[in-house]
Colleague: 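Below is the structure I would like to discuss, written out as structure tokens.
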Amino acid sequence: MTGLSVEKTGSTRSIVFFIILNLSIFSLSIEARSSQQHASFPPRGWNSYDSFCWTISEAEFLQSAEIVSKRLLPHGYQYVVVDYLWYRKKVEGAYVDSLGFDVIDEWGRLHPDPGRWPSSRGGKGFTEVAEKVHRMGLKFGIHVMGGISAQAYNANSLVMDSVKGGAYEESGRHWRAKDIGIKEKACVWMSHGFMSVNIKLGAGKAFLRSLYRQYAEWGVDFIKHDCVFGTDFNIEEITFVSEVLKELDRPVLYSISPGTSVTPAMAKEVSQLVNMYRITGDDWDTWKDVTAHFDISRDLSASSMIGARGLQGKSWPDLDMLPLGWLTDQGSNVGPHRACNLNLEEQKSQMTLWSIAKSPLMFGGDVRNLDATTYNLITNPTLLEINSYSSNNKEFPYITATRVSRNKHKGYPHHPTGKNISTKQAFGLTSCKEPKANTWSIVDKNRGQICWNQHSSEKLEKPFCLYNRKALLASDKKLKHNQLYQGKLHLHTNDKAQSCLAASSQQKLTSKDYSRGALSPCKLDANQMWELHSNGTLENSYSGLCAVLNPVKAAEASSNGVRSWIATGRRGEVYVAFFNLNQEKTKISAKISDIATALRGKKNLVGASCTSHELWSGKDFGPTKDSVSIQVEPHGPALFVLHCSNA
């Protein structure tokens, strides 16, 4: 029985027609949704982290969203994102990695702190905030951490079955947080906050599904998923969350973070699962943070990762937020209180690189105090045109440079070379699928010595070896640890050292932090556990990434030199960007014939006469067939827009 009673045939026909009509409308809506490509262009918006860290309130957020709607939405900035710890009570003793100050429900799921987010009272979560944001014409986003909170684990909360309702039941019992949390795999840089979930268990999957279904119910359009990528790589959780997001009845843009030690191979593993993925550590307002993005951006462009296939659309390498304007400090308990430390030339370089590398543009400054200079920079129409519509974006190495000083001009090649440049070793992590990871071997079995067998032709200063620490099995904890990590290695740099090699730093790294591995006091956790496989890979138990030793030339480790990027526009124009990383004014030049060669298929450049406009100086340059050239300020950019014709 359905409870529906029909007496007349005509009424039956009407009901049948009504059902068929509604099924047709539903089918059309599904087809329309599937035909819309998600993240067709690099996403653009505002994120609260750089200006508020974790302390933002509902009133501050909605005030900021209103300004974004009026001033930045016309320029494509459509997402407003609450960054991390929106669930943490802002009381004495609470800080970034504190324990016991979070708001959780009976199912161990995080809810907004009602002290800062009063509309969340009564279990409403972000529903009212999302509705207000949507009425502004914007899309609403939140930051979430990977796994389960330590607070839910300690409370041993029941796991919710969001499909059937009520507590998750399997094998004749209800499952709880301590059944699914992996305490040994706590997030390294927030170890008191979160730990991984065992996704091999049905209860682990049920917990994660209950989280993301709840976010969708709140009206969330954008999720920034942290402590799952880079040195915190958790491909199992990324894959499962991606599957859950596909199941939802509304599109949710999926972003993952952080990006420490990301390689092209790692990017290829995740790009189809997400829409944005960070490729460096946190970007703050230092020049070294800016320059740290050039190499990885080049590598991902060369690997055809810009705008590659993503979750229900495209995916984009993410250079992180733009820390411009009025800011706070990393890990701070206070809101915006200082100006950006980058000078104007450095800010222009950052915005130019982010645009031509087609990174998502997420402004991080306080929009309530948005000065004219910053506003004009982040809304520059040429940069936004390049960011959305350009193609063939790549680094262009065929440039010449001459440093300009008061008394002399000193010429030098783009990449310094020479026999006397020393090579140092930098510990790093990469996908275990990369050939260079298969390079470790046992040298002395009795001492537990393993060494890196040189992969490249670079002559390293000395061999790099590690030693396995012999654990003392004196306590129950160590006995349990020995069972958990049977066959794993606990490594340090010599057989007498008391510090062990950890894959991920215990502090959240910024972009400029090159060395990813860290020596820290030996302890029993997955971050310090390694497994040497028969194929020569040394795999970390925390991230599943493999250890490598990267040769770093001393001459290339600095933030000096010049760089260049090129791209083509949708109307046939060509973009040429120069970047002067030196502390002196530098004349940078590029031959049009070399640009034509690099942009294969741009036949109109060969033997063409080109006119150009340089964005930052505002200068127009007359016809030329040979080269483009300009003096660039220290740490500054130049951006040429070329229009070429064979006529």
Side-chain angles (χ1 to χ4, degrees), residues 41-84 86 116 129 132-143 222 224 282-287 289-290 318-330 332 334-355 359-388 615-616 636-637 639:
F41 307 103
R44 205 174 292 167
W46 174 78
N47 181 293
S48 63
Y49 179 69
D50 288 347
S51 45
F52 289 92
C53 193
W54 67 276
T55 64
I56 194 168
S57 68
E58 181 172 336
E60 291 167 328
F61 181 79
L62 290 175
Q63 182 186 8
S64 299
E66 186 72 36
I67 296 168
V68 171
S69 175
K70 292 177 179 177
R71 302 193 66 190
L72 296 181
L73 180 58
H75 302 280
Y77 290 83
Q78 63 175 327
Y79 292 95
V80 285
V81 183
V82 183
D83 212 272
Y84 71 161
W86 37 265
R116 290 189 287 141
V129 172
K132 290 178 180 178
V133 166
H134 292 155
R135 285 198 294 270
M136 297 176 194
L138 300 169
K139 295 183 179 181
F140 176 62
I142 60 173
H143 171 289
F222 178 109
K224 177 182 174 183
D282 284 1
D283 177 67
W284 279 94
D285 51 328
T286 73
W287 179 238
D289 275 350
V290 175
D318 178 14
L319 276 62
D320 201 13
M321 292 165 283
L322 294 160
L324 308 174
W326 203 242
L327 308 171
T328 187
D329 296 307
Q330 185 181 22
S332 175
V334 297
H337 60 275
R338 65 175 182 85
C340 173
N341 286 319
L342 297 172
N343 64 40
L344 183 56
E345 291 299 322
E346 293 167 342
Q347 293 180 44
K348 291 190 295 186
S349 286
Q350 179 166 35
M351 190 66 189
T352 304
L353 177 62
W354 265 235
S355 297
S359 169
L361 299 178
M362 305 298 285
F363 178 57
D366 183 3
V367 292
R368 302 168 308 167
N369 292 293
L370 183 54
D371 61 277
T373 300
T374 303
Y375 175 77
N376 291 334
L377 181 60
I378 65 174
T379 62
N380 184 282
T382 301
L383 295 181
L384 299 186
E385 168 74 19
I386 294 171
N387 183 249
S388 288
L615 177 68
W616 300 116
L639 178 59

Colleague: Is a side-chain donor or acceptor of Asn387 paired with a backbone partner of Pro360 at a separation under 3.5 angstrom?
Modeller: no
Colleague: Between Phe363 and Thr374, is any pair of side-chain heavy atoms under 4.5 Å apart?
Modeller: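 Answer yes - side chains close enough.
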Colleague: Does Gln347 reach the side chain of Leu322, with side-chain heavy atoms less than 4.5 Å apart?
Modeller: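 SC-SC contact between Gln347 and Leu322 ruled out.
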Colleague: Taking the side chain as every heavy atom from C-beta outward, state whether Pro336 and Leu327 have any atom pair closer than 4.5 Å.
Modeller: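 No; the side chains remain at least 4.5 Å from each other.
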Colleague: May I ask you to test the Leu138-Leu73 pair for a side-chain heavy-atom distance under 4.5 Å?
Modeller: yes
Colleague: Give a yes or no answer on whether the side chain of Trp86 reaches the backbone of His143 with a donor-acceptor pair at less than 3.5 Å.
Modeller: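 Flag set: sc Trp86 to bb His143 pair under 3.5 Å.
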Colleague: Relative to each other, are the rings of Phe61 and Trp46 parallel, tilted or perpendicular (30° and 60° limits)?
Modeller: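 Answer is tilted, since the angle falls between 30° and 60°.
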Colleague: Would a distance-only check, ignoring hydrogens and angles, find a side-chain to backbone donor-acceptor pair under 3.5 Å from Asn380 to Leu383?
Modeller: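 Yes: the side chain of Asn380 pairs with the backbone of Leu383.
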Colleague: Determine the minimum heavy-atom distance between Ser349 and Gly636, stating which atoms define it.
Modeller: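 Smallest interatomic distance, heavy atoms only, reads OG-C, 3.2 Å.
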Colleague: Any idea which heavy atoms bring Cys340 and Pro323 closest together, and the distance?
Modeller: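 Heavy atoms of Cys340 and Pro323 come nearest at SG-O, 3.3 Å.
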Colleague: Any side-chain to backbone donor/acceptor pair from Asp285 onto Asn341? Under 3.5 Å, distance only.
Modeller: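 Pair found, side chain donor or acceptor close to backbone of Asn341.
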Colleague: Taking only residues two or more places apart in sequence, or in another chain, which ones meet Trp354 in a ring-ring contact (aromatic ring centres under 6.0 Å, His included)?
Modeller: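 Result, ring-ring contact (aromatic ring centres under 6.0 Å, His included) vs Trp354: His293.
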Colleague: Are the side chains of Gln330 and Asp282 in contact, using a 4.5 Å heavy-atom criterion?
Modeller: yes
Colleague: Heavy atoms only: give me the nearest Cys53-Tyr84 pair and the separation to one decimal.
Modeller: SG-OH, 3.8 Å
Colleague: Going by side-chain hydrogen bond (donor to acceptor under 3.5 Å, both in side chains), name the pairs with one or both residues in residues 63-82, residues two or more places apart or in two chains.
Modeller: His75-Tyr375
Colleague: State, to 0.1 Å, how close Leu342 and Glu346 come at their nearest heavy-atom pair, and which atoms those are.
Modeller: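 Nearest pair, atom of Leu342 first, then Glu346: CA-OE1, 3.4 Å.
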Colleague: Lys132 and Leu62: which non-hydrogen atoms are nearest, and at how many Å?
Modeller: CD-CD1, 3.8 Å
Colleague: At what distance, to the nearest 0.5 angstrom, does CG of Asn376 lie from CE of Met351?
Modeller: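 Taking CG in Asn376 and CE in Met351, the distance rounds to 11.5 Å.
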Colleague: I would like to know whether Trp54 and Arg116 meet side-chain contact (heavy atoms from CB on, under 4.5 Å); could you show each step before the answer?
Modeller: CA-CA 11 Å; Trp54 67 276; Arg116 290 189 287 141; 3.8 Å; yes
Colleague: Please evaluate residues Ile56 and Val82 with respect to the criterion side-chain contact (heavy atoms from CB on, under 4.5 Å), reporting the C-alpha separation (whole Å), side-chain torsions for both, the decisive distance (0.1 Å), and the verdict.
Modeller: CA-CA 8 Å; Ile56 194 168; Val82 183; 4.2 Å; yes
Colleague: I'd like to check Leu324 versus Gln350 (side-chain heavy atoms, cut-off strictly below 4.5 Å). Are they in contact?
Modeller: yes
Colleague: What's the spacing between Asn47 CG and Ile142 CD1 if we round to 0.5 Å?
Modeller: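 Asn47 atom CG to Ile142 atom CD1 measures 12.0 Å (nearest 0.5 Å).
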Colleague: Return yes if some donor-acceptor pair links the side-chain N/O of Ser48 with the main-chain N/O of Asp83 below 3.5 Å, else return no.
Modeller: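 It does hold such a pair.
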Colleague: Counting distance only, does the side-chain N/O of Arg338 pair as donor-acceptor with the main-chain N or O of Thr328 below 3.5 Å?
Modeller: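 Yes; judged by distance alone, with no hydrogens or angles, the pair exists.
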Colleague: With a 4.5 Å limit on heavy-atom distance, are the side chains of Asp283 and Leu319 in contact?
Modeller: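 No. Closest side-chain heavy atoms not under 4.5 Å.
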Colleague: Using only atom types and a distance under 3.5 Å, with no angle test, would you say the side chain of Thr352 pairs donor to acceptor with the backbone of Lys348?
Modeller: yes
Colleague: List the steps, then state whether side-chain contact (heavy atoms from CB on, under 4.5 Å) holds for Leu370 with Ile67.
Modeller: CA-CA 10 Å; Leu370 183 54; Ile67 296 168; 5.6 Å; no
Colleague: Side chains of Ser51 and Arg368: any donor to acceptor distance under 3.5 Å?
Modeller: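 Result is no, nothing qualifies.
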Colleague: Once you round to the nearest 0.5 Å, how far does CH2 of Trp284 lie from CG of Asp320?
Modeller: 9.5 Å
